[in-house]
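A, B, ... follow the sequence lines: proteins, then strands. Residue 1 opens every chain.
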Amino acid sequence: MLDPARLRSDLDAVVARLADRGYSFPTAAFLALEQARKDVQVRTQDLQTRRNALSKAIGQARGKGEDTDALMAEVAGLGDQTRALEGELDRIKGELEALLLGVPNLPQAGVPQGRSADDNVEVRRVGTPTVFDFAAKDHADLGVGTGLVDFEAGVKVAGARFTVLKGAIARLHRAIAQFMLDVHTAEHSYTEVYVPYLVNADSMRGTGQLPKFEDDLFKVPRGAGDPPLYLIPTAEVPVTNLVRDAIVAADTLPLKFVCHSPCFRSEAGSYGRDTRGMIRQHQFDKVELVQIVAPDASDAALEALTAHAETILQRLELPYRTVVLCTGDMGFSAARTYDIEVWLPGQGAYREISSCSNFEAFQARRMQARFRNAAGKPELVHTLNGSGLAVGRTLVAIVENHQRADGSIAIPAALRPYMGGIDVIPAT
RNA sequence: GGGAGGAUGGCGGAGCGGUCGAACGCACCGGUCUUGAAAACCGGCAGGGGCUCGCGUCCCUCGUGGGUUCGAAUCCCACUCCUCCCGCCA
């Protein structure tokens, strides 16, 4: 959520910056609501003041044994009037909040101007696209070729966009996650956390998935009277919400968490896209990096977090590039985002394998996540997160980049300790 | 699932329906004292919001939501969560 004070004091600049990312701020509706809010709030508070003063006077008079009939007559009806106006104020504030919850974050200064992914700017490229002296296959063919990736079983058990892994490929999947966790905890000093995979609506609202993107989520209804839960689309949600409604001590910052979890996405609206293979699944694993930092530290933290994610690709000998997303391609809650794209020979393209963002105070304001600053006053923290990395897509990248002419797959050296020492997954 | 108790500021913990946003203690901050520190003493110290150039001032918040009342931390109802006991399951 944007800072309401800034919206009031600097509306034109905010509207202009939102337009840069293709969002049209409902200025007229906002101004009308804001005017109504101000008007009703002042009247409400005025009534409350009078009611409180008279009530207090009644108490004092009673204490002295004086007659209170005159005061009682004066206050008669004030309570009802006040309650009516309070209800009106609540309604207006609710509308205002609903409006603001639908407004995306402001891009940082320096984020390139653009409308789509075509306008993203490459900031570095590491390694070179893998070349083969044989006809390379994509991961779907390779996986089926090993007999260890079973797309049909996934469809039978659950449906489209679900996949079953077996044997050495299932182990490779596990090895990738273990490796990432070990690197981030041991070398990058993140604290590993295990969290719920079903969360409540407050958590989804805190990180920005609700109210606007409910269609992207799997919603789990419960018994009558119990509110629904939601399957997490990323560990970002439960992990970042650890600091919701909290005031943390300044000396505990930065908080750095790493979390391996499954992620569930409805993929509504992506029909027909990436239907082949396991690039886009309803369920996939991800190792997520989350940082909670002081505001003045968030820019540097984004660079560091992105580098932590890139380390994994380097260790796995995978070529990649890092791009900064343009204003028009950024996610709803982000102020600045780097996407890390791994080279996929099967597609002959770089494909997203990690997205690292600084949300500044956008999520913190929704969550009321604060720290006690040097002045001793609560102040909103900044939140960041990034994939470090998506496990399923890393599996795809390894299979495709480390394939051999006979259809077997070489295991990168970094993963062999996690694979019981084997260095190749043979084709059947 | 059954029963009992509880929820108050960063923490602990008081609070006959009326000067209670809340005693007291701890923690924290500032000061006096001290070579420095500790101790002692003095003072400060919840969050959010409105109006105001500012000094200020007003409103809301004692788990959440309703209700009673001129007035609710305090009374009533519902809900949530926590603790303990019994049962059940892992």
K.L.:
Centre-to-centre under 6.0 Å for A/Tyr230 and A/Phe218, is that the case here?
P.N.:
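Not under 6.0 Å, so no.
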
K.L.:
What distance, rounded to whole Å, do you find between the two C1' atoms, one in B/A7 and one in B/G63?
P.N.:
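Roughly 6 Å separates the two C1' atoms.
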
K.L.:
Mind calculating the distance between CD (A/Gln368) and P (B/U64) to the nearest angstrom?
P.N.:
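My rounded result for the distance is 15 Å.
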
K.L.:
I'd like the C1' distance from B/U64 over to B/C11, given in whole Å.
P.N.:
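Taking atom C1' in both B/C11 and B/U64, they lie 23 Å apart.
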
K.L.:
Hey, do the aromatic rings of A/Phe362 and A/Phe332 have their centres closer than 6.0 Å?
P.N.:
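Between A/Phe362 and A/Phe332, the centre distance is under 6.0 Å.
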
K.L.:
For B/C51, which nucleotide is its Watson-Crick or G-U wobble mate, given both distances must be under 3.5 Å?
P.N.:
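By the stated definition (distances under 3.5 Å), B/G56 pairs with B/C51.
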
K.L.:
For RNA chain B, whose closest nucleotide is more 5', that of A/Gln48 or that of A/Lys38?
P.N.:
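By nearest-heavy-atom nucleotide position, the 5'-most residue is A/Lys38.
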
K.L.:
Determine which nucleotide pairs with B/A4, using a 3.5 Å limit on both distances of a Watson-Crick or G-U wobble pair.
P.N.:
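Matched B/A4 with B/U83 under the 3.5 Å cut-off.
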
K.L.:
Kindly point out which of B/G50, B/C58, B/G48 is positioned nearest to the side chain of A/Arg8?
P.N.:
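Ranking B/G50, B/C58, B/G48 by closest atom to the A/Arg8 side chain puts B/G50 first.
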
K.L.:
Just the rounded figure in Å: distance from C1' of B/U64 to CG of A/Asp202.
P.N.:
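In whole Å, B/U64 C1' lies 11 Å from A/Asp202 CG.
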
K.L.:
From CD1 of A/Ile92 over to C1' of B/G49, roughly how many Å is that when rounded to an integer?
P.N.:
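Roughly 15 Å, once rounded to whole Å.
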
K.L.:
Between A/Asp245 (CG) and B/G10 (P), how many Å, whole number?
P.N.:
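Taking atom P of B/G10 as the reference, CG of A/Asp245 is at 12 Å.
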
K.L.:
Can you tell me the base-pairing partner of B/A27? Count Watson-Crick or G-U wobble geometry only, both distances below 3.5 Å, and say none if there is no partner.
P.N.:
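None - no nucleotide pairs with B/A27, as no candidate has both distances under 3.5 Å.
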
K.L.:
How far apart are the closest heavy atoms of A/Glu288 and A/Ala235, and which atoms are they?
P.N.:
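Looking at all heavy atoms of both residues, the shortest contact is CB-CB, 3.9 Å.
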
K.L.:
Do we see a donor-acceptor contact under 3.5 Å between the side chains of A/Asp329 and A/Ser116?
P.N.:
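Side chains of A/Asp329 and A/Ser116: no pair found under 3.5 Å.
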
K.L.:
Paired with B/A46 by Watson-Crick or G-U wobble geometry, both distances under 3.5 Å: which nucleotide is it?
P.N.:
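B/U61 - that is the nucleotide pairing with B/A46, both distances being under 3.5 Å.
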
K.L.:
In the structure shown, which nucleotide is the Watson-Crick or G-U wobble counterpart of B/C70, with both distances under 3.5 Å?
P.N.:
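Across all strands, the one nucleotide that pairs with B/C70 is B/G18.
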
K.L.:
Checking A/Ser189 against A/Lys256: is there a side-chain donor and acceptor pair closer than 3.5 Å?
P.N.:
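A/Ser189 and A/Lys256 do have a side-chain donor-acceptor pair below 3.5 Å.
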
K.L.:
Does the structure show a Watson-Crick or G-U wobble partner for B/C33, both distances under 3.5 Å? Name it, or say none.
P.N.:
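Across all strands, not a single nucleotide pairs with B/C33.
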
K.L.:
What's the gap between B/G66 and B/G9 when it is taken at their C1' atoms, as a whole Å value?
P.N.:
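After rounding to an integer number of Å, I get 26 Å for this pair.
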
K.L.:
Would you please test A/Leu101 and A/Lys212 for side chain to side chain contact (heavy atoms under 4.5 Å, CB included) and show each step?
P.N.:
CA-CA 8 Å; A/Leu101 282 175; A/Lys212 219 172 173 178; over 6 Å; no

K.L.:
Please measure how far the C1' atom in B/G36 lies from the corresponding atom in B/C24, and state the result in whole Å.
P.N.:
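So the two C1' atoms sit 33 Å from each other.
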
K.L.:
I'd like the C1' distance from B/U52 over to B/U57, given in whole Å.
P.N.:
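The answer is 9 Å between these two C1' atoms.
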
K.L.:
Please report the distance, rounded to the nearest Å, between CZ in A/Arg365 and P in B/G48.
P.N.:
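Value for this atom pair: 12 Å.
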
K.L.:
Could you check A/Asp46 against A/Pro378 and say which one's nearest nucleotide on RNA chain B is further toward the 5' end?
P.N.:
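The 5'-side residue here is A/Pro378.
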
K.L.:
Please encode protein proximity along nucleotides 68-82 of chain B as a string of B, S and -, counting only heavy-atom distances under 4.0 Å.
P.N.:
-BBS-----------

K.L.:
Check whether any side-chain N or O of A/Arg50 sits under 4.0 Å from OP1 or OP2 of B/C58, and answer yes or no.
P.N.:
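Answer no for this pair, as no side-chain N or O of A/Arg50 is under 4.0 Å from OP1 or OP2.
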
K.L.:
Rounding to the closest angstrom, what is the interatomic distance between B/G3 and B/A90 at atom P?
P.N.:
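That atom pair is separated by 25 Å.
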
K.L.:
Just call it for A/Gln60: base, sugar-phosphate, or nothing, with non-hydrogen atoms closer than 4.0 Å on any strand.
P.N.:
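The residue A/Gln60 makes base contact.
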
K.L.:
Report yes or no: do A/Glu310 and A/Tyr320 form a side-chain donor-acceptor pair below 3.5 Å?
P.N.:
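Looking only at side-chain atoms, A/Tyr320 and A/Glu310 do form a donor-acceptor pair, the distance falling under 3.5 Å.
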
K.L.:
For A/Asp251 and B/G10, what is the distance between atoms CG and C1' respectively, to the nearest whole Å?
P.N.:
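In whole Å, B/G10 C1' lies 13 Å from A/Asp251 CG.
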
K.L.:
So does A/Asp141 pair up with A/Arg276, basic N to acidic O under 4.0 Å?
P.N.:
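Judged by the 4.0 Å cut-off on N to carboxylate O distance, A/Asp141 and A/Arg276 do form a salt bridge.
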
K.L.:
With P as the reference atom in both, quote the distance from B/C33 to B/A27 in angstrom, rounded to an integer.
P.N.:
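Rounded to whole Å, the distance is 23 Å.
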
K.L.:
Give the rounded distance in Å between these two atoms: CZ of A/Arg43 and P of B/C51.
P.N.:
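After rounding, the gap between these two atoms is 15 Å.
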
K.L.:
Ignoring the backbone of A/Arg37, work out which of B/C59, B/C51, B/G47 is nearest its side chain.
P.N.:
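So the side chain of A/Arg37 is nearest to B/C51.
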
K.L.:
Would you say the side chains of A/His308 and A/Tyr190 form a donor-acceptor pair under 3.5 Å?
P.N.:
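Short answer, yes.
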
K.L.:
CD of A/Gln45 versus P of B/C60: gap in Å, rounded?
P.N.:
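It is 8 Å, rounded to the nearest whole Å.
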
K.L.:
Rounding to an integer number of angstrom, what distance separates B/A73 and B/U83 when you compare their P atoms?
P.N.:
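Straight-line distance between the two P atoms is 28 Å.
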
